[in-house]
Amino acid sequence: NRSSDLLRVDLVEDLRRLNTMSVQSVNTGMMILGGGLIKHHICNANLMRNGADFSVYVNTAQEFDGSDSGARPDEAVSWGKIKTSAKPVKVYGEASIIFPLLVAETFARERQDEGKKEEAGAASK
């Protein structure tokens, strides 16, 4: 086996890539399911580019214990991790239930919009 075929875990390289992608992007958005260390690094990557343009947090964490997971989006805005022009949202709920519903609603709206366009096109003929 060549060493390039093996699984390689390199946290420093992963963080470098995350930060580089964030800084070089025209717009960024964060859909953070859960919290903790991952939330911390994703938000910090957006700090490097003066904040994310879009942000949705989905978790069950509360603010009272001071954890990163429980921090609301306005905390990230105050640090410059989310732009002040953004309209961030925090959904209090279990991510494994909420996320599939968000995705389903997104595609349902897209299908509705396509259906309305088809109806309008048929009506104009």
Side-chain angles (χ1 to χ4, degrees):
N1 284 338
R2 296 182 320 195
S3 62
S4 63
D5 294 336
L6 301 175
L7 174 65
R8 185 175 61 121
V9 177
D10 187 341
L11 299 176
V12 174
E13 180 60 24
D14 289 348
L15 288 175
R16 236 184 241 133
R17 283 184 178 184
L18 179 64
N19 290 339
T20 300
M21 282 190 312
S22 179
V23 169
Q24 292 178 350
S25 296
V26 174
N27 291 337
T28 64
M30 302 185 294
M31 171 68 83
I32 300 178
L33 308 175
L37 191 62
I38 300 304
K39 178 183 173 195
H40 172 78
H41 286 296
I42 292 170
C43 288
N44 279 352
N46 281 281
L47 174 64
M48 308 287 179
R49 64 172 307 278
N50 298 319
D53 300 285
F54 312 96
S55 178
V56 178
Y57 296 172
V58 180
N59 64 48
T60 58
Q62 301 293 317
E63 190 177 21
F64 72 89
D65 64 0
S67 68
D68 185 35
S69 297
R72 295 188 332 228
D74 56 334
E75 171 94 12
V77 171
S78 74
W79 282 87
K81 297 174 182 181
I82 299 173
K83 289 184 177 180
T84 57
S85 60
K87 295 180 182 173
V89 175
K90 178 166 182 180
V91 179
Y92 292 92
E94 173 53 44
S96 64
I97 295 170
I98 300 297
F99 184 65
L101 295 174
L102 290 172
V103 171
E105 176 63 18
T106 300
F107 286 111
R109 283 190 185 178
E110 188 175 298
R111 298 268 325 232
Q112 280 180 336
D113 291 345
E114 287 174 3
K116 288 178 184 176
K117 287 178 186 175
E118 287 176 10
E119 287 175 16
S124 66
K125 290 183 179 181

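With no hydrogens or angles considered, a side-chain donor-acceptor pair links Asn59 and Lys90 at under 3.5 Å. Of the N and O atoms on the side chains of Lys83 and Asn50, not one donor lies less than 3.5 Å from an acceptor on the other residue.
Note that CG of Asp74 and OG1 of Thr84 are 13.0 Å apart. Values are rounded to the nearest 0.5 Å. To the nearest 0.5 Å, atoms CE (Met31) and CD1 (Ile42) are separated by 11.5 Å. Here the straight-line distance linking atom CD1 of Ile82 with atom NZ of Lys87 works out to 14.5 Å at 0.5 Å rounding. Annotation: the span from Arg8 atom CZ to Asp14 atom CG amounts to 8.5 Å, rounded to 0.5 Å.
The shortest side-chain heavy-atom distance between Val58 and Val56 falls under the 4.5 Å cut-off. For the pair Pro88/Val77, a side-chain contact is recorded, criterion being any heavy-atom separation below 4.5 Å from C-beta on. Looking only at side-chain heavy atoms (C-beta outward), Leu101 and Glu105 stay at 4.5 Å or farther from each other. Between Cys43 and Met30, some side-chain heavy-atom pair lies under the 4.5 Å cut-off.
Of the possible donor and acceptor atoms, none in the side chain of Lys81 sits under 3.5 Å from a partner among the backbone N and O of Met48. Arg49 places no side-chain N or O within donor-acceptor distance of the main-chain N or O of Asn19, the cut-off being under 3.5 Å. Thr28 contributes no side-chain N or O that, together with a main-chain N or O of Ser22, makes up a donor-acceptor pair within less than 3.5 Å.
The hydrophobic cluster containing Ile98 also contains Phe107, counting ILVMFWY residues as joined when their side-chain heavy atoms lie under 4.5 angstrom apart, directly or transitively. At a threshold of 4.5 Å between side-chain heavy atoms, the hydrophobic network of Ile, Leu, Val, Met, Phe, Trp and Tyr places Leu102 and Tyr57 in two separate groups. Criterion: ILVMFWY side-chain heavy atoms under 4.5 Å apart, direct or through other members. Under it, Val91 and Phe99 are part of a common hydrophobic cluster.
A salt bridge is absent between Glu75 and Arg72: the closest approach of a Lys/Arg side-chain nitrogen to an acidic carboxylate oxygen does not fall below 4.0 angstrom.
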